[in-house]
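Before any comments, here is the structure.
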Amino acid sequence: MQTGLIHIYYGDGKGKTTAAVGQAVRAAGYGYKVLFYQFMKDNSSSERKNLEALPNITCIKGQEQVKFTFQMNEDEKEEMRKHYKEELEMLSEKSEEYDLLILDEAVCAVGAGMLQEEDLLTFLKNKCAHVEIVLTGHMITESLLEVADYVTEMKKVKHPFDQGIGARKGIEM
């Protein structure tokens, strides 16, 4: 693989994780080794079931249960910050063995204060040259925008949630 670039899919629209998963499938189909990690999510997402079954894709398990940050007390938030810092360090070491690293919801983790932006930026600036990285999340910062090579905004125009329809299995989750 040539020099690895950094992609960010962000915004309030549907499709960020779906785009990252599509990139993982494409890369794995080409024979690249893919490492997939989800911040701010447990291990039950539908996309994980398929990714875990595909050759060339390794999914790193996250926490078994993840609360929304507004449901957490300060001790739980601090525990999550510590956990994500350790996970990012582990991913930094493991990523050298892979061609593509997906950090799903990493941008959300930064926005929620669960992952220090400086830690993520340091990781991105010091990544192995050959590793392609995809990050997803809702709100992008200027610093992340600057370090990225590809930035795609998913913009919501209309969404069933606005009419009170919750996330549906197999479609949004």
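Just so it is clear, the values below take in all heavy atoms, side chains as well, and ignore hydrogens, waters and symmetry mates. We number each residue from 1, following the sequence as shown.
- The OH atom of Tyr84 sits 14.0 Å away from atom CD of Gln116, with the distance rounded to the nearest 0.5 Å.
- Across all non-hydrogen atoms, the minimal contact from Leu100 to Ala27 is CD2-CB, 3.6 Å.
- Side-chain atoms of Ser95 come within 3.5 Å of backbone N or O of Leu91 as a donor-acceptor pair.
- In this structure, CD in Glu78 is found 11.5 Å from CE in Met72, a value given to the nearest 0.5 Å.
- Every residue was checked against the ring pair (Phe, Tyr, Trp, His ring centres under 6.0 Å) condition with Phe123, not counting sequence neighbours, and none meets it.
- Separation of atoms CG (Asp104) and CZ (Phe39) is listed at 9.5 Å; rounding is to 0.5 Å.
- Looking only at distances, a side-chain donor or acceptor of Lys16 sits under 3.5 Å from a matching main-chain atom of Gly11.
- More than 12 heavy atoms of other residues, nucleotides or ligands sit less than 6.0 Å from atom CD of Gln163.
- Of the residues Val134, Leu144, Ile133, Leu103, the one that meets the side-chain contact (heavy atoms from CB on, under 4.5 Å) test with Ile8 is Leu144.
- Hydrophobic cluster membership of Tyr150, counting Ile, Leu, Val, Met, Phe, Trp and Tyr whose side-chain heavy atoms lie under 4.5 Å apart directly or via other members: Leu5.
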- Decide side chain to side chain contact (heavy atoms under 4.5 Å, CB included) for Tyr10 and His138; before the verdict, give the C-alpha distance in whole Å, the side-chain angles of both, and the deciding distance to 0.1 Å. CA-CA 5 Å; Tyr10 83 100; His138 291 99; over 6 Å; no
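- Side-chain contact between Lys14 and Met154 is absent, with no heavy-atom pair separated by less than 4.5 Å.
- Counting only N and O atoms by type, the side chains of Glu47 and Thr17 include no donor and acceptor under 3.5 Å apart.
- Atom CD of residue Glu117 and atom CG of residue Leu120 lie 7.5 Å apart, to the nearest 0.5 angstrom.
- Minimum interatomic distance between Gly137 and Cys108 (heavy atoms only, all atoms of both residues): CA-SG, 3.6 Å.
- Residue Cys128 comes nearest to Glu96 through the heavy atom pair SG-CG, 3.0 Å, listed as atom of the first residue, atom of the second, then distance.
- Put simply, CG on Leu124 and CD1 on Ile6 are 4.5 Å apart, with the number rounded to the nearest 0.5 Å.
- Among the candidates His7, Lys127, Gln23, the single residue satisfying the side-chain hydrogen bond (donor to acceptor under 3.5 Å, both in side chains) test with Glu132 is His7.
- In this structure, Asn56 contributes its side chain and Ala28 its backbone to a donor-acceptor pair below 3.5 Å.
- Remark: Tyr30 engages Tyr32 in a ring pair (Phe, Tyr, Trp, His ring centres under 6.0 Å) (not counting sequence neighbours).
- Looking only at distances, a side-chain donor or acceptor of Thr136 sits under 3.5 Å from a matching main-chain atom of Glu105.
- The distance from the CG atom of Asp42 to the CZ atom of Arg48 is 9.0 Å, given to the nearest 0.5 Å.
- When every heavy atom of Ile57 is checked against every heavy atom of Ala24, the shortest pair comes out as CD1-O, 3.9 Å.
- The heavy-atom pair separating Ser45 from Gln38 by the smallest distance is OG-OE1, 3.1 Å.
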- Message: side chain to side chain contact (heavy atoms under 4.5 Å, CB included) for Tyr37 and Glu87? Distances and angles first, verdict last.
- Response: CA-CA 9 Å; Tyr37 183 81; Glu87 292 292 278; 3.2 Å; yes
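- Considering every non-hydrogen atom in both Tyr98 and Val131, the closest pair reads O-CG2, 3.5 Å.
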- Query: Taking it one step at a time, do Thr58 and Glu97 satisfy side chain to side chain contact (heavy atoms under 4.5 Å, CB included)?
  - Reply: CA-CA 11 Å; Thr58 301; Glu97 306 165 29; over 6 Å; no
- Please walk me through it: do Val25 and Asn50 pass side chain to side chain contact (heavy atoms under 4.5 Å, CB included)? CA-CA 10 Å; Val25 170; Asn50 286 317; over 6 Å; no
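- Side chain of Glu76 to main chain of Asn73: a donor-acceptor pair is present (N/O by atom type, distance under 3.5 Å, no hydrogens or angles).
- A salt bridge does not link Glu79 to Lys82: none of the charged side-chain nitrogens sits closer than 4.0 Å to a carboxylate oxygen.
- Summarising the local packing, CE of Met90 is surrounded by more than 12 heavy atoms from other residues, nucleotides or ligands at distances under 6.0 Å.
- Not one N or O on the side chain of Asn43 forms a donor-acceptor pair closer than 3.5 Å with the backbone of Lys61.
- Atom NZ of Lys85 is surrounded by 12 or fewer heavy atoms from other residues, nucleotides or ligands within 6.0 Å.
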